[in-house]
Number of protein chains: 2
Amino acid sequence: MRKSATSRVTILDVAKMAGVSPSTVSLVLNGKHDRMGEETRERVMDAVTKLGYSANHMARALKTGFVPTIGLVVPTVANPFWGEFARRVEHAALAQNYQVLLCNAERSPAREQLYVESMLARGIRGVILGSSPLSLQHISGAAKCGLQVVVFDRLMQGSEGLDFDSVRVDNVLGARLAITHLLELGHRRIGFVSGPLSSSSRKDRLEGYRSTLLSHGIEPDESLVWVANARPDNGEEEATEIGRLAAATQLRGPNPPTAFFAINDMTAIGIYAGVRDLGLRIPEDISVIGFDDINLCRSMNPPITTVRQPLEELMNSAVDLLIGRMEQKNLGPTTHVTLTPNLVLRGSTGPWRAR
Amino acid sequence: MRKSATSRVTILDVAKMAGVSPSTVSLVLNGKHDRMGEETRERVMDAVTKLGYSANHMARALKTGFVPTIGLVVPTVANPFWGEFARRVEHAALAQNYQVLLCNAERSPAREQLYVESMLARGIRGVILGSSPLSLQHISGAAKCGLQVVVFDRLMQGSEGLDFDSVRVDNVLGARLAITHLLELGHRRIGFVSGPLSSSSRKDRLEGYRSTLLSHGIEPDESLVWVANARPDNGEEEATEIGRLAAATQLRGPNPPTAFFAINDMTAIGIYAGVRDLGLRIPEDISVIGFDDINLCRSMNPPITTVRQPLEELMNSAVDLLIGRMEQKNLGPTTHVTLTPNLVLRGSTGPWRAR
DNA sequence: ATGAAAGCGCTAACAA
DNA sequence: TTGTTAGCGCTTTCAT
C-alpha cells in the first residue's frame, strides 16, 4: 500500500484544534444549519485556514454518492473544433460549480466505453458525448447503472432501447444552406468531402447535400461524394489529410467538381492544400465551404465561408440538461434541442466560371 | 443525500454469490497470493462477470491512498499544439496503465491552482504542467502535500525553494536555428512576434533570437520585437489574432521587417493572415518561420517552415519521470531533460529581395 | 487457503 | 446548538 509522503490534514484535525466534534466541522463546511453558534463557526473556520485543510473528495463522494463533475467525451482534442467545444462545456459547467473531466476517445467505441466505465467507477453520474459511433450500445451498461447522458450531434432512434437527451444543430438545414449558396453562385458540380459517416450529423449533412441538389433539379452524382474509409485501428485520419487527398483525386478526375462542401472546417483546410497542390486558386477556380466556423476560418487565405454552429448556446443547453438530470430536477421525458445553424459568408466561395 | 437510481453491485454481492468472503474476492481481483484455490478463483470470476461487477475506484483509493491517474494542465485546448501534446501524454500514460485527467487552465494561475488542488482532493498524486506562469508559487502548497510535478517548457531556478523534474526542448537553440536560417537567406530585419512572455520557453526563444542576431554582428532593433500584452482577465488573446495584428502593424511601420520569427505555429498562421491583408506574398515579400511543427503547418499555403519539437520523446520522458516518482522508483535528485529541436524547411521562407 | 475485523475520511441520522 | 454513531466500498493485517 503506497501512501503519500505527507499525509493530509483531515476533518478530525480541524475538530481537535477547534475543540468541537467532526460533525460540527462538517456542518460548518457544508453551510448546513445556519442556526449554529457564530462563535463556533469562526473557531472552525480559523482552524481550517490555519491547518490549510481541504476536504477529501473521495471520502465525501463515497459517503454521499455524489460527485460534482461531469464527463465529456470528445473524438479528438487535436481538432480545434473539439477544443472550442470543450471550453464551452467547461465554462457552462464551472458556472454551476461542476468540474469537467475531459476524455479523448479517438473515435474508438472501445475507448469510449472504457472512459465511461472509469467515470462511473469514480462516481461521476453524468456525461456529455461528443460525436462518436452511431450505435450507443457500448454505453447502455453504464446508462443502466444510473449514468445520465446527453449526446451531441445525433438523435437516437430508440431502436436500441436507449433514449438520451440530445443537443445538436440542424445538420440537414446546415447542408442546405451551404449547397443553396453554391447553387446560387452557379455551381452545378459540387463535391461532398467527409471522413467516415460515423455519426448521424455526418449522415444528415450528406442527406441535406443530396436533397438540396434534388430539389433544384440536379441528380446527385455519386462520383462526387467522397467518404474516406475508417482505418482498421478504428481511428480516423486527420481531417486535413482527408480533404487534401479528396481534392487532389477529385480534381484530377474526368469530370471534376467546381466547388466542395466539406464536412467540417479542418477538412476544408485540407481541401485548400489539395487545391493549391494543383496550382488552382480559391475561389476563382474552385469554391470551398466548410462547417463549424472554428476561429481558424478567419485566418485562412482566403477566409473560409462556412456554416456556423452556435456552440455556446448548444453547450449551455447540454450542460443545463445534464445537471438537471443529475440533480433530479428534471424527471420528464427526454428532451431534444435542435438549434439553427447559419451561413457565414467569407472569401472561399465565388461565382462559377468556365475554366 | 443524492443516491444513484440504480445502486451498483459491490464486492459483497460478488462474495455472496461465490460463497466466499469479501476479502477473498479482493484477493482474487488484485491477483494477490497466487497460492489460492483455482476452483475458488473461478467461482469468484464467474460471479464477477455474471453480476457485471466493477470496482469502486473511490473506495479503493480511499483505502489505499493511491490513484492510477496523472493530471495534465495545459494553457488551452483550443490551440492544436496542446491537443497534440495531450494525446502524446495520454498515449504514454495509458501504456503504463495510468489514466490522464486533462485540465484547461486558460493561462490563469488561479485556475491552475484550483485544478491542482482539486486533483489532490481526488487523490491524484502526480501532475504534468504545460506552459504556464513563470512562478510556480501557487503550486507549492500542493507540492508540500506530496504532489509530484513534472513541468514542461521551463526549468525552475529554485529561487522559490521549488525544484521539479522538467522536460523541454532547447528553446534557445530552436530560436538560433530559425534566425540563422533567415540570416542565411539574406534577411537582416527580422521581427519577433509573441504573446506575453509568460513562460521561460518564450523568454528563451527571445533570448536565442537576440543572441543569434548579435553573434552575427547585428544589433537587435527593439522596434522589431512584438510582445502582446496579457489581458486584464489574465487570459491570452488567440495566438492567431496576435500574429495578425503584429504583422499588420509592423509591416506598415517606418522600417518594416522582411521576415518574422513567430513564437509558435498558430502565431505564424496569424501572421499569414496579416501579411495577406496587406496584399503581400509569402515567401516572396515576407518570410515567416514558426515553432512547434503542428500538423496544420503542412496544410497551409505555403506550408510553414518551422522549428520542430520532438513531442513524442518529450512526453514519453515526462510520463516516465512522473510515474517513477509516484511509484517511488525514482528517489534521486530532480532530473531535467532537454531535447534538441530541429528545423523543418518548407515553403514559408525564401531569400531576401529588395522590395 | 480463506475469513473476520478494522478503518481510509467523510456525512447524516439521531441523541442529547 | 452540538456530539455520538454508523457506515459508504474497499483492502489488508491477523487469525484460523
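In what follows, chains are A, B, ... by sequence order, proteins preceding strands, each numbered from 1.
Side-chain proximity of Tyr53(B) to dC10(D), dT11(C), dT2(D): nearest is dC10(D). With dT11(D), dT12(D), dC10(C) as the choices, the nucleotide that has an atom nearest any side-chain atom of Lys32(B) turns out to be dT12(D). Listed nucleotides dG9(C), dT1(D), dC10(D) differ in distance to Ala59(B); the shortest reach to its side chain belongs to dC10(D).
A 4.5 Å side-chain heavy-atom check between Thr335(A) and Leu321(A) finds at least one atom pair inside the cut-off.
One interatomic measurement links the two molecules: CE of Met58(B) to P of dG7(C), which rounds to 22 Å at whole-angstrom precision. Atom NE2 in His57(B) sits roughly 17 Å away from atom C1' in dC8(C) (whole-Å rounding). One can place CZ of Arg8(B) at 9 Å from P of dC10(D), the figure rounded to the nearest angstrom. In this structure, CG of Leu27(B) is placed 18 Å from P of dT16(D), rounded to the nearest angstrom. As a whole-Å value, the separation of Lys16(A) NZ from dG3(D) C1' is 16 Å. What separates CG of Leu29(B) from P of dC10(D) is a distance of 9 Å, to the nearest Å.
Positionally, the nearest nucleotide of DNA chain D for Pro22(A) lies more toward the 5' end than for the other of Leu12(B) and Pro22(A).
Under 3.5 Å, the side chains of Ser118(B) and Gln99(A) contain a donor-acceptor pair of N or O atoms. Residues Gln96(B) and Asp320(B) bring a donor and an acceptor atom of their side chains to less than 3.5 Å of each other. Side chain to side chain, Thr24(A) and Ser21(A) meet the donor-acceptor criterion of an N or O pair below 3.5 Å. Checked by atom type, the side-chain pair Arg168(A)/Ser200(A) shows no donor-acceptor distance below 3.5 Å.
Ala55(A) comes within 4.0 angstrom of the backbone, heavy atoms only, and of no base. Across all strands shown, Thr10(A) has heavy atoms under 4.0 Å from sugar-phosphate atoms exclusively, and none from any base.
One N or O donor and one acceptor, one from the side chain of Lys63(B) and one from the base of dG7(C), sit under 3.5 Å apart. Evaluation of atom-type donor-acceptor distances gives a pair under 3.5 Å for the side chain of Ser23(B) against the base of dA4(C).
An OP1 or OP2 oxygen of dT2(D) is reached within less than 4.0 angstrom by a side-chain nitrogen or oxygen of Thr40(A). Distances shorter than 4.0 Å separate none of the side-chain N or O atoms of Thr64(B) from OP1 or OP2 on dT11(D). Using a 4.0 Å cut-off, some side-chain N or O of Asn30(A) falls inside it from OP1 or OP2 of dT11(C). Within the structure, a side-chain polar atom (N or O) of Ser26(B) is placed less than 4.0 Å from OP1 or OP2 of dT11(D).
Shown here is Met17(A), whose CE atom has more than 12 heavy atoms of other residues, nucleotides or ligands within 6.0 Å.
From one end of the helix from dA1(C)-dT16(D) to dA16(C)-dT1(D) to the other, with five pairs defining each end axis, the axis direction shifts by 40° (rounded to 10°).
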Show, in sequence, the C-alpha distance, side-chain angles and deciding distance for Ser54(A) and Arg8(A), and conclude whether the side chain to side chain donor-acceptor pair (under 3.5 Å) test is met.
CA-CA 8 Å; Ser54(A) 107; Arg8(A) 305 188 66 205; 2.7 Å; yes
Go through the steps to decide whether Glu106(A) and Arg87(B) satisfy the test salt bridge (Lys or Arg N to Asp or Glu O under 4.0 Å), and finish with yes or no.
CA-CA 9 Å; Glu106(A) 304 284 334; Arg87(B) 286 181 55 191; 3.2 Å; yes
